[in-house]
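Sequence positions, counted from 1, serve as the residue numbers for this chain.
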Amino acid sequence: MERSHWVAFAGILLMVSALFNLLNGFVALFNHGYYSKVYSQGNRLLILNYTAWGWIFVVVGMVMALASLGVFVGSRAARLTGICLAAFSLVAQMIFLPVYPFWSVFTMLVSLLVIYGLLVEPKHVHGARV
């Protein structure tokens, strides 16, 4: 079965986004003062503290990495999971905007490209299940 180039591109970007989320999570977990030096509001980030968001980003990053492998294999469930996780990552990066705006905007753009790449219908592949 021939696959769309957008799907392959989205799978690669999903892996990159997973690495970004793992990086965000590990920084929040192991370097407690990193984010609070930049944006000090009592170590709170909207609703949770940095350690909680660190764990959330680590778990989401690991599941995103697994979903990207499923996208490469051609799994429809992995594509749906990737779309949901990229949407979650997009919203979570909006929460991190006051802390690091350029990094958050860049990660949000990667998430948008992942969502587009996983939702796009390959026009050159007739009868392909997307």
Side-chain angles (χ1 to χ4, degrees):
M1 178 174 107
E2 186 181 351
R3 287 191 189 82
S4 168
H5 296 293
W6 270 110
V7 175
F9 180 67
I12 292 168
L13 281 183
L14 189 61
M15 181 65 78
V16 169
S17 184
L19 293 174
F20 287 167
N21 284 331
L22 285 170
L23 181 67
N24 267 346
F26 287 136
V27 166
L29 285 175
F30 297 124
N31 193 354
H32 295 288
Y34 187 73
Y35 290 125
S36 59
K37 281 191 296 191
V38 177
Y39 188 72
S40 59
Q41 275 194 343
N43 196 26
R44 291 192 55 82
L45 194 61
L46 192 61
I47 55 173
L48 299 172
N49 61 12
Y50 294 109
T51 304
W53 278 109
W55 281 111
I56 291 169
F57 274 121
V58 167
V59 170
V60 167
M62 289 190 307
V63 176
M64 278 179 127
L66 292 174
S68 71
L69 295 176
V71 167
F72 291 136
V73 173
S75 170
R76 184 179 177 102
R79 288 181 67 179
L80 294 174
T81 303
I83 291 167
C84 292
L85 290 174
F88 174 79
S89 178
L90 183 71
V91 173
Q93 288 301 323
M94 285 182 193
I95 294 171
F96 268 75
L97 266 173
V99 180
Y100 276 102
F102 295 117
W103 176 261
S104 294
V105 168
F106 178 71
T107 308
M108 288 165 59
L109 288 174
V110 170
S111 295
L112 282 175
L113 283 173
V114 167
I115 292 169
Y116 177 77
L118 292 177
L119 284 176
V120 70
E121 181 79 27
K123 293 186 170 117
H124 67 282
V125 182
H126 299 292
R129 288 184 52 200
V130 181

Over all atoms of both residues, closest heavy-atom pair of [X] and [Y]:
X	Y	answer
A92	F57	CB-CZ, 3.7 Å
M64	S89	CE-CB, 4.2 Å
V114	A86	CG1-CB, 3.8 Å
I83	I115	O-CG1, 4.2 Å

> Hey, does L23 have a side-chain heavy atom less than 4.5 Å from the side chain of W103?
Replying inline: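 The answer is yes; the side chains approach within 4.5 Å.
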>> List the residues meeting side chain to side chain donor-acceptor pair (under 3.5 Å) with S104, not counting sequence neighbours, and say none if there are none.
In response: Q93
>> For I56, give me all partners under side chain to side chain contact (heavy atoms under 4.5 Å, CB included), at least two apart in sequence or on another chain.
In response: L48, W53, V60, F88
>> Return the CG to OG1 distance between L112 and T107, rounded to the nearest 0.5 Å.
In response: 11.0 Å
> Which value, rounded to the nearest 0.5 Å, describes the distance between L85 atom CG and N21 atom CG?
Replying inline: 9.0 Å
> What residues form a ring pair (Phe, Tyr, Trp, His ring centres under 6.0 Å) with W55, not counting sequence neighbours?
Replying inline: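 Partners of W55 under the ring pair (Phe, Tyr, Trp, His ring centres under 6.0 Å) test: none.
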>> Using the rule that Ile, Leu, Val, Met, Phe, Trp and Tyr join whenever any side-chain heavy atoms are under 4.5 Å apart, tell me whether V58 and F30 fall into a single cluster.
In response: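 Yes, V58 and F30 fall within the same hydrophobic cluster.
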What donor-acceptor contacts under 3.5 angstrom involve side-chain atoms of residues 10-20, with partners at least two apart or in another chain?
none

